[in-house]
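Below is one structure, written out as structure tokens, with a few remarks after it.
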There are 2 protein chains.
Amino acid sequence: MARSSLTAQLAAQILDHIRANDLPRGQHLPSQALADACRVSRAPINSAFKFLRNLGVVRFESNRGYFLAADANELAALKLLANEEGDEDDAYFEIAEDRLSGKLPAQVTESELMRLYRLPRSRLVRILSKIAQEGWIERLPGHGWEFRPTLTDRKSYEAGYRFRASIESAAVLEPGFRIDRDAFRAAREQQQALLEADLKKLSRARLFRINTELHETIVACSGNEFFLDALKRVNRLRRLIEYRVTVDRSRLNRQCREHLKILDLLEAGNVTAASAFLREHIEGANTLKSPGVEPLPGARRKKNPA
Amino acid sequence: MARSSLTAQLAAQILDHIRANDLPRGQHLPSQALADACRVSRAPINSAFKFLRNLGVVRFESNRGYFLAADANELAALKLLANEEGDEDDAYFEIAEDRLSGKLPAQVTESELMRLYRLPRSRLVRILSKIAQEGWIERLPGHGWEFRPTLTDRKSYEAGYRFRASIESAAVLEPGFRIDRDAFRAAREQQQALLEADLKKLSRARLFRINTELHETIVACSGNEFFLDALKRVNRLRRLIEYRVTVDRSRLNRQCREHLKILDLLEAGNVTAASAFLREHIEGANTLKSPGVEPLPGARRKKNPA
DNA sequence: TATTGCATTTTGTGATAACATACTGCAGTA
DNA sequence: TACTGCAGTATGTTATCACAAAATGCAATA
């Protein structure tokens, strides 16, 4: 189920919904209610239900609809099912990977990419637009696209850290900053769990996700969507790069403790201290990591003089 | 020439190039050199030359190519030709206008928009992607798109100001901050000219552009592309909104003087003071303006209970 | 020797049609 | 009365084709 069909997405969303509301076994699940919650019509919801029925999550009764066949707790294990890496297109990651590893030159044409990744134009264009929006590719005025150094350049990597330090420390000082108690509690539990868990066993992807989620949760409390958007944008880029960075797992323990301290400071209402500490925390993370990212050749468009 | 054909764009770029390099009358203009500079092949460059020949800017000699028919100074007046609002799609502005004025509901479908604006799907999709990237529309999981409140909400407007204040004041403190002397001189001249000009005669669009250019010039000096990108993103949104805001022209004079003071502080190497003053400057601009933006009805997807 | 001119190849766009998917309203059912 | 089931409609996706635009290589020329 790697493909990002609407059905799979919705199935995951339905599971989340069940867990979030802690629904009991046997609970009726009206299509329309779910449809409203997911902002689609009943059709794709029903399709997702069929999918979940095959998994034994829900039970079907003719003319009565779908009913929960297990309670919320029993579904915990299913979380990973369709969710890891979410709604992202596979080809997107392939392109990112190939660019980072240098397989893709700096300049490419659409048809070249269509051939390479066996994509229909529509999908490719959507992916390229997304990448352009993330800032690491650019449409040339004539034909073709050009990768920008953002992804592959060491300096950009560090610039991203400084940017994060700035906006995150500013975000907690926003006048509209209000702590989201539930989110904070969840974040705290997650960090605690991390401290106790075997850090060596967690995948990089998971570690990264937990880390960024914490930071984004904090910035979301600012009530200023511009800060949150900006942070999410940097993090989307980082997600691609951090895979190639050697994770210093010995630092993770300290990182968790710092995260908890930030939550403490914020909950104590000490936003000034939290702001300063956030900055330190982020800048510290940068200087200690050593990205294995080298500048890429970046082939010129025209023939090079030999 | 409202359409953004590559030819027109390149013609404008060629004029810029001539002016920037202060080329003398009679100068030979090799196609390939221009093509390289503009990152396209000779074909569209030649097409742009043909266009410029009709305007009398260049002269043509068989088998020898194009030659400049006037010197750089004489071209000053031509600047406005294809340049005002640049490479933007007209339909983009229509959609923005209709959304801001409430003609477009919160939820729309692609074909609805195709009909309304007589656009082929490809162009519409490109526009919508751009808008999505700017953050004021969002793809629904099923069919259709939903406008986000970013554009129409008063609180978002103010959040944007605070965000700008944060990133701009942080940007000048970046370790890589280096003043771009040429850009600073140009900016200074422009502000001076503004002080002396009849402020009532300048169009809003022009005032806005000059203002944002100054701020973006400063942030560009930070050498950190994340700050610049973030600023540009907010400004793209602001551009759409500020058209509906009553410009307080009595404030423009003070604004110019503040701009000059910021440049002074930076050139004196006093980045700390510049940073603080930038923040004041931006936040001051916000509290004094009164946007005529009201929250829009934002029609629900499903039937509302009466 | 650098540049143009031109023919050829490649790329991207718009239009159209076939198909899959999503939406909606209403009759039927618990 | 609230929901499902289903049929009809609308929407979006993919494939394909013809055409326009851009890129490229090479002969001709200053």
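Below, chains carry the letters A, B, ... as their sequence lines are ordered, and counting in each starts from 1. Any value given below was found using the heavy atoms of this structure, including those in side chains, with hydrogens, waters and symmetry copies removed.
In terms of polar N and O atoms assigned as donor or acceptor, the side chain of B:Arg42 comes within less than 3.5 Å of the base of D:dG25 in a complementary pairing. Between the side chain of A:Arg139 and the base of C:dG12, no donor-acceptor pair under 3.5 Å is found.
Here the straight-line distance linking atom CZ of B:Arg238 with atom NZ of B:Lys232 works out to 14.5 Å at 0.5 Å rounding. One distance of note links CZ of A:Arg233 with CG of B:Asp229; it measures 6.5 Å at 0.5 Å rounding. Taking CD of A:Glu61 as the reference point, atom OH of A:Tyr66 lies at 11.5 Å (rounded to 0.5 Å). Taken to the nearest 0.5 Å, the OH atom of A:Tyr92 stands 11.5 Å off from the CG atom of A:Leu128.
Look at CZ on B:Arg121: it is 8 Å from C1' on D:dT13, rounded to the nearest Å. Regarding A:Met114, its CE atom lies at a distance of 15 Å from the P atom of C:dT10, rounded to whole Å. The interatomic distance linking A:Leu113 (CG) with C:dT11 (P) rounds to 11 Å, in whole Å. One interatomic measurement links the two molecules: CG of A:Leu6 to P of C:dA20, which rounds to 17 Å at whole-angstrom precision. Between the CG atom of B:Leu34 and the C1' atom of D:dA23 there is a distance of 16 Å, rounded to whole Å. In this structure, B:Phe49 places its CZ atom 15 Å from C1' of C:dG5, rounding to the nearest Å. We find that CG of B:Leu140 is positioned 14 Å from P of D:dT11, with the value rounded to whole Å. Taking atom CZ of residue B:Arg123 and atom P of nucleotide C:dG14, one finds them 7 Å apart after rounding to whole Å.
Distances were taken from every side-chain heavy atom of B:Phe60 (C-beta onward) to each of C:dT11, D:dG5, C:dG5; the shortest belongs to C:dG5. Picking from C:dA22, D:dT11, D:dA15 the nucleotide with the shortest atom distance to the side chain of B:Thr109 gives D:dT11. When the nucleotides D:dT29, C:dT13, C:dC23 are ranked by their closest atom to the side chain of A:Ser41, C:dC23 comes out on top. The side chain of B:Ser62 lies closest to C:dG5 when the candidates are C:dA22, C:dG12, C:dG5. Out of D:dG5, C:dT3, D:dT11, the shortest distance to the side chain of B:His28 is found at C:dT3. For A:Asn63, taking side-chain heavy atoms from C-beta onward, the closest of the listed nucleotides C:dA22, C:dA30, D:dT29 is C:dA30. Taking the side chain of B:Arg115 as heavy atoms from C-beta on, and the options C:dC23, D:dT11, C:dG14, the nearest nucleotide is D:dT11. For A:Ser111, counting side-chain heavy atoms from C-beta on, the closest listed nucleotide (C:dA15, C:dT11, D:dT11) is C:dT11.
Remark: side-chain polar atoms of A:Ser129 are not paired, donor with acceptor, to backbone N or O of B:Ser129 under 3.5 angstrom. A:Arg25 contributes a side-chain N or O that, together with a main-chain N or O of A:Ala69, makes up a donor-acceptor pair within less than 3.5 Å.
Put simply, A:Ser122 has no side-chain N or O that comes within less than 4.0 Å of OP1 or OP2 on D:dT13.
Residue-to-nucleotide proximity on DNA chain C shows that, of B:Pro30 and B:Leu119, the 5′-proximal contact is made by B:Pro30. Heavy-atom distances to DNA chain C give each of A:Trp145 and A:Arg64 a nearest nucleotide, and the one nearer the 5′ end belongs to A:Trp145. Closest-nucleotide positions on DNA chain D for B:Pro44 and A:Glu61 were compared, and the one nearer the 5' end corresponds to A:Glu61. Judged by closest nucleotide on DNA chain D, B:Val108 is the one of B:Val108 and A:Pro120 placed further toward the 5' end.
If you check every strand for non-hydrogen atoms under 4.0 Å, A:Ser47 touches nothing.
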